[in-house]
There are 2 protein chains.
Amino acid sequence: MTSENSDRGYLKRSLDLLWGQGERPSRGPKPGLTLERIAAAGVAIADAEGIDALSMRRVAAELGVGTMSLYRYVPGKAELLELMIDRAYRMMPGDDAPRDADWRTVLRYVAHGNWRMYLAHPWLLQTSLARPVLGPGAMAGFDYALSGLVPLPLTDQERLGFIAAVDGYVAGCARAHVHAALAARQTGISDEEFWTTHGPLLEKAMLSGAYPHAAALSEDTFAVPGERLFEFGLERLLDGLAAFLAAADGGTAERLGGEG
Amino acid sequence: MTSENSDRGYLKRSLDLLWGQGERPSRGPKPGLTLERIAAAGVAIADAEGIDALSMRRVAAELGVGTMSLYRYVPGKAELLELMIDRAYRMMPGDDAPRDADWRTVLRYVAHGNWRMYLAHPWLLQTSLARPVLGPGAMAGFDYALSGLVPLPLTDQERLGFIAAVDGYVAGCARAHVHAALAARQTGISDEEFWTTHGPLLEKAMLSGAYPHAAALSEDTFAVPGERLFEFGLERLLDGLAAFLAAADGGTAERLGGEG
DNA sequence: GCGTAATCGGGTACGCTGTACCCGGTTTCG
DNA sequence: CGAAACCGGGTACAGCGTACCCGATTACGC
């Protein structure tokens, strides 16, 4: 992963790729590949075998071309990853997205949709992007979330605040959840097996008295599924946003930004 | 990054390292290094030069030893990373942590502390762990957060829900913020420069009509600093948790788990 | 119609990575 | 005082991203 990319043209090329600005030159043979096919192949590999299995050689092999041919379409692996990410973003909003619904329904859908997206493409949370991807897929998701907030008496900065809060919460929760799920797959050790094997060691640490509050927890505390934990916090967050809305309506809220 | 670790002893060794279970054997020369020094060197490199600069050779060079000597102390790079992560976690809770404070003060401190931690060690959010680290540092932070929730009339699962919600939110927000900050450093392009250079392209996309709500946003919408966005959402989340607390007290809440 | 410029496909090679394997020197026990 | 156990680390290998280069292919200008 070459993230030390000091080429100043890097970003421009990357955005051009994302937004399909490259027009075919007139001369020369026709390209045998498309960005679509390359990105799709990358996503398929990352989904099936994990992000570590993604290499330029592997993608090229999947497409039945020479490794260096990929560089005719993509400046480097970083840009390929950005294409893959924006492609994954395209599943939001889905066909089942509620339209013209109230803000809470929309944000809840966005949260659940992103959650599903992260579970379907765990590598989304394992990548270390140089800059958050600003491609068509990401824009569509953002615009949809925004559509639910337009009728509300908020400033634009507050609307962004609502979306950033939900997106941040989902990404953080999904990260924790996905890491736990990947662990089971990669090590071949299930959660139960993990606890039966290593419970004693951790229990010894508990009994040391260094973590009195954790030691006092009931046994089934960690038995709650990650998804349920996610839902619980999500509803709390939405409640908090609702409370802000009420306070803003009543004039008692500390507002964010000028008039929207 | 070798994450395809199918060795079933991997986890055990890793936890043993984290909890310092390895007793010195009687025979043979004394080790010239310690896990502490190795982890500290790794953290120093990752902080200063980014996670991509972290390699076994680089760490060994930093310590003035041969590359392979590290493998006398650490089974592999993955375990080194776990040591580094738990070491970073140790800064939470800090010396300024409020003790015996109300739950909101404690959770707010946890959130801000984790935020500071992620900004100080951005690589924490770029790592793809096999399993969330369960070392002494992480436990101490968890126990502290828990301490603020003990007096509340909640089930243990709800207490976990509170902490998971805050931790998740902070991690997600910090991830977005850190990626943006790293981008500026790595590409040498400031945020302003980015927008002046690539604003036109994105503006063209806006004017396409595909993103009507985003296009209608006022110009200063994205001018709000990431930290302020973080604070805004955090207070909303804490408000939502407070609302749940009130509802639980009033018996109108949908509870999580059995009796705590 | 044809020379030529431009582009595509991709082979070779370089410097980097994690780490398996092995050997020699050092320490301590029986 | 052997012998067992352990430390340090050199060598080597497979795999990575990609710089550089060259032959084949295409379409434009004349």
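Chain naming here is simple, since letters A, B, ... match the order of the sequence lines and numbering starts at 1 in each.
Residue pairs that meet the salt bridge (charged side-chain N to carboxylate O under 4.0 Å, His left out) test with at least one member in residues 32-45 of chain B, sequence neighbours left out, are B:Glu36-B:Arg87, B:Glu36-B:Arg90.
Listed by chain and number, the residues in a ring pair (Phe, Tyr, Trp, His ring centres under 6.0 Å) with B:Tyr211 amount to none (sequence neighbours excluded). Taking the side chain to side chain contact (heavy atoms under 4.5 Å, CB included) definition, one finds that B:Arg228 meets it with A:Leu256, B:Val224, B:Pro225, sequence neighbours left out. For B:Tyr71, the side chain to side chain contact (heavy atoms under 4.5 Å, CB included) criterion is met by B:Met56, B:Met68, not counting sequence neighbours. Annotation: ring pair (Phe, Tyr, Trp, His ring centres under 6.0 Å) contacts of B:Tyr73 (sequence neighbours excluded): none. Residues satisfying the side chain to side chain contact (heavy atoms under 4.5 Å, CB included) test with B:Ser208, not counting sequence neighbours, are B:Ala210.
One can place CG of A:Leu70 at 10 Å from P of C:dG10, the figure rounded to the nearest angstrom. The CZ atom of A:Arg37 sits 15 Å away from the P atom of C:dC8 (whole-angstrom rounding).
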Ignoring hydrogens and angles, write down the donor-acceptor pairs under 3.5 Å from the side chains of residues 134-142 of chain B, residues two or more places apart or on other chains.
none

Distances for protein N or O near nucleotides 13-17 of chain C N or O, under 3.5 Å:
unit_1	atom_1	unit_2	atom_2	d
C:dT17	OP1	B:Ser55	OG	3.2

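No donor-acceptor pair closer than 3.5 Å links the side chain of B:Tyr144 to the backbone N or O of B:Gly94.
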What string of B, S and - do you get for nucleotides 1-10 of chain D 5' to 3' if you count protein non-hydrogen atoms under 4.0 Å?
---BBBBBBB
